[in-house]
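Letters A, B, ... mirror the listed sequences (proteins, then strands); counts begin at 1. Everything numeric here is computed off the predicted structure, so don't read it as measured data.
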Number of protein chains: 2
Amino acid sequence: MTARTSTESSRDIPEATVARLPVYLRALTSLAEAGTSTCSSEALAAAAGVNSAKLRKDLSYLGSYGTRGVGYDVDYLRYQIAREIGVTQDWPVVIVGIGNLGHALANYSGFRSRGFRVVALLDADPARHGELVAGIEVRPFDDLERIVREHAVAIGVIATPAGSAQDVADRMVACGVGSILNFAATVLTVPAGVDVRKVDLSIELQILAYHEQRKAQGEPA
Amino acid sequence: MTARTSTESSRDIPEATVARLPVYLRALTSLAEAGTSTCSSEALAAAAGVNSAKLRKDLSYLGSYGTRGVGYDVDYLRYQIAREIGVTQDWPVVIVGIGNLGHALANYSGFRSRGFRVVALLDADPARHGELVAGIEVRPFDDLERIVREHAVAIGVIATPAGSAQDVADRMVACGVGSILNFAATVLTVPAGVDVRKVDLSIELQILAYHEQRKAQGEPA
DNA sequence: ACCGGTTTGTTCTCGCGTTCACAAACTCAT
DNA sequence: ATGAGTTTGTGAACGCGAGAACAAACCGGT
Ligand SMILES: NC(=O)c1ccc[n+]([C@@H]2O[C@H](COP(=O)([O-])OP(=O)(O)OC[C@H]3O[C@@H](n4cnc5c(N)ncnc54)[C@H](O)[C@@H]3O)[C@@H](O)[C@H]2O)c1
Ligand SMILES: NC(=O)c1ccc[n+]([C@@H]2O[C@H](COP(=O)([O-])OP(=O)(O)OC[C@H]3O[C@@H](n4cnc5c(N)ncnc54)[C@H](O)[C@@H]3O)[C@@H](O)[C@H]2O)c1
């Protein structure tokens with residue numbers, strides 16, 4: 001989207017590969033916890049649920065971190081992937097909309113362990129202000145600008161109803177948030193240069209429903 | 001994956017298109033609620049956040065439901081897409097793991113309105129049994145087989161910790177569940193013919209982090 | 001009936017992603 | 001040192017999806 005002036009070390013990694021790197025990272029963490037210090041592309045691919053050729057090609061975009069005839073050093077590769085993704089330090093994150101879903105997200109421990117730190121929980125409903133969720137106080141939505149500035153927040157999570165999501169996104173973008181994870185069931189419009197990813201439960205279920213329907217209509221003999 | 005004996009009317013729709021149909025469905029519902037009875041591919045594409053050529057191509061896989069020079073009848077097209085996806089009737093769904101996330105999912109109203117009906121909430125922890133969540137009683141995980149049989153459940157949702165997810169999936173598959181939506185941060189292994197989709201918050205955030213890092217390292221002049 | 005304006009459905013081209021297949025490179029035993 | 005066995009990294013072929021472009025089809029007015 002944005003014209004990136006390739007300063008130097010900006011090999012660009014295919015988007016499909018970027019989406020798989022976190023999966024590899026998780027698989028490596030899992031292997032490390034199991035005490036494995038070295039693994040082959042075959043073994044790692046199995047743990048990540050992908051084809052080994054694809055895994056090797058993906059890793060080749062980062063550099064040559066393996067040893068032929070041996071495999072990959074688990075800890076070393078893990079660090080390299082974490083560095084490439086950018087999760088060697090924690091990213092500050094704000095969550096907006098502390099309802100059913102927002103509570104679950106705030107309580108999600110995997111957040112912290114995977115490179116993210118919730119710095120604020122915001123909600124428009126005064127009745128929710130002051131409530132402690134996972135040790136963090138729910139604050140007014142209008143605190144957004146101040147918090148984003150103070151903590152240099154680059155990533156925002158939207159868990160409000162669909163009707164408010166665009167407004168929340170606009171406010172986030174206006175004060176410098178560059179990436180948004182949207183749980184609301186609506187299409188967000190943002191300026192070029194801002195990244196949006198969506199998580200939509202209904203869509204996932206409907207995709208499954210489509211395939212189930214196909215299976216069912218083939219069966220009746 | 002599975003060899004489908006194409007009986008007759010099985011035009012197969014590209015997977016990328018299948019993933020967008022729910023988005024179109026949502027956009028159409030939105031237009032219908034706003035009182036719009038007819039719309040052009042341009043207008044619908046804008047509402048769905050995609051290219052109009054792509055939208056037309058997607059719809060062409062379903063049939064010719066538009067009128068040249070006019071556009072699409074909103075209600076008619078909506079029904080056709082719903083039928084194609086298979087959400088003209090409700091699909092029964094079980095949710096396993098009623099912790100933070102499971103509670104939010106159970107309380108999610110969009111479930112019902114989009115073609116799904118939660119028929120049971122299951123948890124392995126006896127302390128949770130009997131609790132009412134969104135009017136549904138939490139029951140022992142061992143009731144799975146009986147419930148799946150009684151309600152002809154084809155779709156299961158896993159919201160347990162990662163360590164239990166594979167076991168839960170195995171049990172689901174064993175009693176006939178053909179599609180699984182997995183929220184646990186782990187790769188599930190299932191037999192051919194069973195569909196699995198995953199929703200992973202950490203992966204989404206890490207993808208955003210990667211792009212943020214790229215933006216940041218280009219800026220410092 | 002005809003014509004200008006509009007919008008769909010489809011063809012064509014291009015680029016990206018997946019997968020195969022294999023040479024290069026490493027280890028270990030002899 | 002050499003060779004057998006193993007595993008990585010990558011070149012090349014292939015298939016799918018995105019988007020541009022256009023002909024076919026429809027509407028409304030004259
Ligand atoms: N609950 C789920 O499992 C689930 C699943 C998928 C998608 N979603 C989507 O996630 C969103 C949240 O779902 P939920 O169940 O938590 O809803 P909810 O109604 O429980 O919570 C929404 C919260 O957002 C707050 N809010 C409303 N407008 C706001 C604004 N302008 N600024 C800040 N805060 C605002 C409300 O006060 C409320 O606390 C919805 O869009 C829903 O469709 C939820
Ligand atoms: N909370 C979130 O926002 C969030 C976000 C992303 C992913 N996740 C993932 O979703 C899963 C659930 O998260 P959570 O925060 O709700 O965890 P949680 O610990 O609050 O809930 C897990 C529930 O699963 C139940 N359970 C455990 N083993 C079971 C088994 N074998 N059969 C049936 N039930 C069992 C537990 O009793 C508990 O009630 C985790 O894997 C987590 O990584 C959660």
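- Residues A:Y72 and A:T38 are not in side-chain contact: their nearest non-hydrogen atoms beyond the backbone lie 4.5 Å or more apart.
- OP1 and OP2 of C:dG17 both lie 4.0 Å or more from every side-chain N or O belonging to A:N51.
- No side-chain donor from either of A:R83 and A:Y79 sits under 3.5 Å from a side-chain acceptor of the other.
- Between A:E204 and B:K198 there is no salt bridge, since none of the side-chain N atoms of the basic residue sits less than 4.0 Å from a carboxylate O of the acidic one.
- A salt bridge is absent between B:R214 and A:D12: the closest approach of a Lys/Arg side-chain nitrogen to an acidic carboxylate oxygen does not fall below 4.0 angstrom.
- When the C1' atom of D:dT10 is taken as reference, atom CG of A:L62 falls 15 Å away, rounded to whole Å.
- Between the CZ atom of A:R20 and the P atom of C:dC16 there is a distance of 15 Å, rounded to whole Å.
- Per the geometry, OH belonging to A:Y72 stands 13 Å off C1' belonging to D:dT6, to the nearest Å.
- Considering only side-chain N and O atoms, B:S41 lies under 4.0 angstrom from the phosphate OP1 or OP2 of C:dT8.
- Considering only the side chain of B:K57, C:dT11 comes nearest among D:dA20, C:dT11, C:dT27.
- For C:dA21, neither phosphate oxygen OP1 nor OP2 lies less than 4.0 angstrom from any side-chain nitrogen or oxygen of A:R56.
- If you take CG of B:L55 and C1' of D:dG19, they are 13 Å apart, rounded to a whole angstrom.
- Taking every side-chain heavy atom of B:A16 into account, D:dA18 is the closest of D:dT10, D:dA18, D:dA20.
- Remark: A:K54 is in phosphate contact with C:dT19, judged by side-chain N or O atoms under 4.0 Å from OP1 or OP2.
- One atom, CG of B:D73, and another, P of C:dT8, lie 13 Å apart when rounded to the nearest Å.
- Within the nucleic acid shown, B:E15 comes within 4.0 Å of sugar-phosphate atoms alone, with no base atom in reach, counting heavy atoms only.
- Separating the OH atom of B:Y65 from the P atom of D:dA25 is a distance of 19 Å, rounded to the nearest angstrom.
- Sequence order on DNA chain C of the closest nucleotides to A:T17 and A:T67 puts A:T17 first from the 5' end.
- Regarding contacts with the backbone of D:dG17, every side-chain N or O of B:Y61 stays at 4.0 angstrom or more from both OP1 and OP2.
- A salt bridge links B:R26 and A:D200; the closest N-O separation between the charged side-chain nitrogens and carboxylate oxygens is under 4.0 Å.
- Projected onto DNA chain C by closest heavy-atom contact, A:D58 and B:L59 fall at different nucleotides, the more 5' of which corresponds to B:L59.
- One atom, CD of A:E42, and another, P of C:dC20, lie 11 Å apart when rounded to the nearest Å.
- Contact between the side-chain N/O atoms of A:R68 and the OP1/OP2 oxygens of D:dT10 is not found at any separation under 4.0 Å.
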